[in-house]
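Structure first, then comments.
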Amino acid sequence: MFIDRLIRQIQEKKSNVVVGLDPRLEMIPKFIREKHYGLYGKNLRAAAEALWEFNREIIESVYDIVPAVKPQIAFYEQYGLEGLEAYQRTCNLAKEKGLLVIGDIKRGDIGTTSKAYADAHLGMVQVEDEKLEAFSVDAVTVNPYLGDDCLKEFIGDIQTYQKGMFVLVKTSNPTSGQLQDLESGGMKIYEIVAQMVNRWSKETLGEYGYASVGAVVAATYPEQARTLRMLMPASYFLVPGYGAQGGTAKDILDCFDEKGLGAIINSSRDILYAYRKNPKEYGEEDFGKAARAETSRMREEINDALDENGKKYW
Ligand SMILES: O=c1ccn([C@@H]2O[C@H](COP(=O)(O)O)[C@@H](O)[C@H]2O)c(=O)[nH]1
């Protein structure tokens with residue numbers, strides 16, 4: 001099961017950190033960009049090749065100290081088919097290196113359309129009598145706002161192909177409360193979504209008592225995390241908003257259970273572009289080294305905070 005593979009990776013690497021693979025062309029070292037403009041011209045192919053070369057070095061630099069990576073598909077999709085090819089190559093390499101891959105695709109639609117999304121990203125697509133993999137990731141993020149039928153189709157592929165999903169429950173953005181914090185029947189909308197996730201989690205329980213249906217719960221709203229942990233006791237939390245968006249180690253403590261399981265913490269910009277923060281220590285060509293150092297620092301910061309609060313798992 002996805003969730004058991006994730007927990008094993010967390011134990012093995014002693015790490016709850018997820019590296020967000022959100023490559024931004026303008027932030028990628030100039031020598032990489034120039035190389036590909038020289039080879040292909042200033043076009044979509046060059047942009048996509050630069051993304052791929054950048055990601056390759058990042059994955060090689062961090063694969064042994066994190067359980068998973070989270071490529072955000074928007075950063076690839078903006079470069080069209082070439083960009084999606086870079087996304088696919090990135091996912092494949094990460095898997096080859098033993099990492100779990102969480103495709104941040106935030107999909108969700110009416111049942112039949114959700115089935116197509118699920119088959120594209122988690123399952124197989126049928127071409128006559130052939131079953132083929134289009135994109136291959138271990139889990140995806142999904143948007144629950146169309147209701148149960150939008151999630152049901154993902155559950156089918158999760159069970160058939162041993163995959164996972166993280167449902168958007170409380171997101172990290174400044175206006176997330178505009179809809180998510182509205183009340184209905186005495187409950188906040190995000191709490192109602194949490195109840196829905198909890199129902200679905202029961203269908204995919206693994207050997208550690210956690211399910212392959214998890215939730216996105218932001219580091220930027222620590223007060224809500226405590227309630228959400230109680231509402232979704234079997235769901236792993238994928239926690240964005242750490243670092244660049246202001247979330248800190250103390251803000252994510254309630255996302256974990258008493259034993260120190262229950263959450264993986266994502267950071268994208270702060271890790272990928274760490275080389276730009278300290279130009280005296282790192283040249284452009286040291287971007288992988290800087291990303292590794294920042295990932296290690298974050299891993300220790302979270303482990304220490306868990307330890308101090310009696311929640312360290314290993
Ligand atoms: O509520 C959410 C859901 C997803 N995200 C995604 O996580 C990363 C965050 O990047 P940082 O650079 O670490 O801020 C990005 O891919 C978002 O799309 C989120 O931030 N909040």
Side-chain angles (χ1 to χ4, degrees), residues 15-28 51 54-55 58-59 62 66 68-79 83-84 86-87 90-91 94 100-108 121 137 139-145 164-181 188-191 193-194 197 214-225 228 232 235-249 251-252 255 263-277 287 290-291 294-295 297-299 301-302:
S15 175
N16 300 297
V17 176
V18 174
V19 174
L21 294 174
D22 299 6
R24 293 162 199 242
L25 193 57
E26 70 282 6
M27 305 280 274
I28 288 179
L51 261 50
F54 179 74
N55 283 353
I58 296 287
I59 292 169
V62 301
V66 295
V69 289
K70 181 183 77 64
Q72 162 56 261
I73 203 166
F75 289 100
Y76 305 83
E77 209 171 284
Q78 63 182 330
Y79 300 109
L84 286 174
Y87 173 80
T90 297
C91 295
L100 290 164
V101 180
I102 302 166
D104 197 349
I105 62 170
K106 297 192 181 70
R107 301 299 154 99
H121 292 276
V137 298
V140 291
T141 55
V142 300
N143 188 330
Y145 284 89
M165 74 176 175
F166 293 91
V167 182
L168 296 179
V169 173
K170 180 66 188 163
T171 62
S172 65
N173 50 312
T175 61
S176 80
Q178 206 172 6
L179 296 176
Q180 294 163 22
D181 293 5
K188 305 267 191 202
I189 297 294
Y190 68 80
E191 293 171 338
V193 177
V197 170
V216 173
V217 176
T220 46
Y221 294 100
E223 296 87 46
Q224 285 84 346
L228 290 171
M232 296 177 286
S235 288
Y236 236 79
F237 291 2
L238 169 62
V239 183
Y242 196 92
Q245 294 181 51
T248 64
D251 296 326
I252 47 97
C255 293
I264 42 173
I265 319 299
N266 178 82
S267 174
S268 308
R269 280 168 285 180
D270 270 8
I271 290 176
L272 299 186
Y273 313 116
Y275 78 98
R276 294 169 72 109
K277 277 205 196 145
F287 71 95
E294 176 56 20
T295 307
R297 193 202 60 74
M298 180 176 161
R299 177 171 77 153
E301 183 173 79
I302 293 169

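Scope of the values below: all heavy atoms of this structure, side chains included, with no hydrogens, waters or symmetry mates. Computed from a predicted model, the values in this text were never measured in an experiment. Residue numbers start at 1 and run along the sequence shown. Start at 1 and go down the list; that is how both ligands and their atoms are numbered.
The nearest protein atom to atom 12 (O) of ligand 1, hydrogens excluded, is given as R269 NE, 2.7 Å; this is a heavy-atom distance. For atom 20 (O) of ligand 1, the nearest non-hydrogen atom of the protein is Q245 NE2, 2.8 Å. Looking only at heavy atoms of the protein, atom 16 (O) of ligand 1 is closest to D22 OD2, 2.6 Å. The shortest contact between atom 17 (C) of ligand 1 and any protein heavy atom is with Q72 NE2, 4.2 Å. Nearest non-hydrogen protein atom to atom 13 (O) of ligand 1 is S268 N, 2.9 Å. Annotation: atom 1 (O) of ligand 1 to nearest protein heavy atom, S172 N, 2.8 Å.
Every atom of ligand 1 is numbered from 1 in the order shown, and the set under 4.0 Å from a heavy atom of N266 is 7 (O), 8 (C), 9 (C). Contact atoms of ligand 1 toward K70: 6 (C), 7 (O), 8 (C), 15 (C), 16 (O) (distance under 4.0 Å to a heavy atom of the residue). Within ligand 1, the atoms closer than 4.0 Å to a non-hydrogen atom of T171 are 1 (O), numbered from 1 in the order shown.
In this structure, N143 contributes its side chain and G108 its backbone to no donor-acceptor pair below 3.5 Å. Under the 3.5 Å distance criterion, the side-chain polar atoms of Y190 are left unmatched by any main-chain donor or acceptor of Q224. Between the side chain of S176 and the backbone N or O of S172, no donor-acceptor pair lies under 3.5 Å. The backbone N or O of N173 sits less than 3.5 Å from a side-chain atom of Y221, completing a donor-acceptor pair. With hydrogens and angles disregarded, no donor-acceptor distance shorter than 3.5 Å links the side chain of D251 to the backbone of P222. At distances below 3.5 Å, at least one donor-acceptor pair connects side-chain atoms of Q180 with backbone N or O atoms of T171. A donor-acceptor pair is defined here as one N or O able to donate and one able to accept, closer than 3.5 Å; such a pair exists between the side chain of T141 and the backbone of I105.
Note on ligand 1: A218 sits outside its first shell, no heavy atom being nearer than 4.0 Å. Residue contact annotation: K106 has a non-hydrogen atom under 4.0 Å from ligand 1.
Among S267, P240, A219, P71, the residue whose heavy atom lies nearest to atom 2 (C) of ligand 1 is P240.
No N or O atom of N173 sits closer than 3.5 Å to an N or O atom of ligand 1.
In summary, the side chains of Q245 and T220 do not present any donor paired with an acceptor at a separation below 3.5 Å, with no hydrogens or angles considered.
Residue contacts with ligand 1, taken as heavy atom pairs separated by less than 4.0 Å, do not involve D270 at all.
The aromatic rings of F287 and Y275 sit perpendicular, their planes meeting at an angle over 60°, well past the 30° parallel limit.
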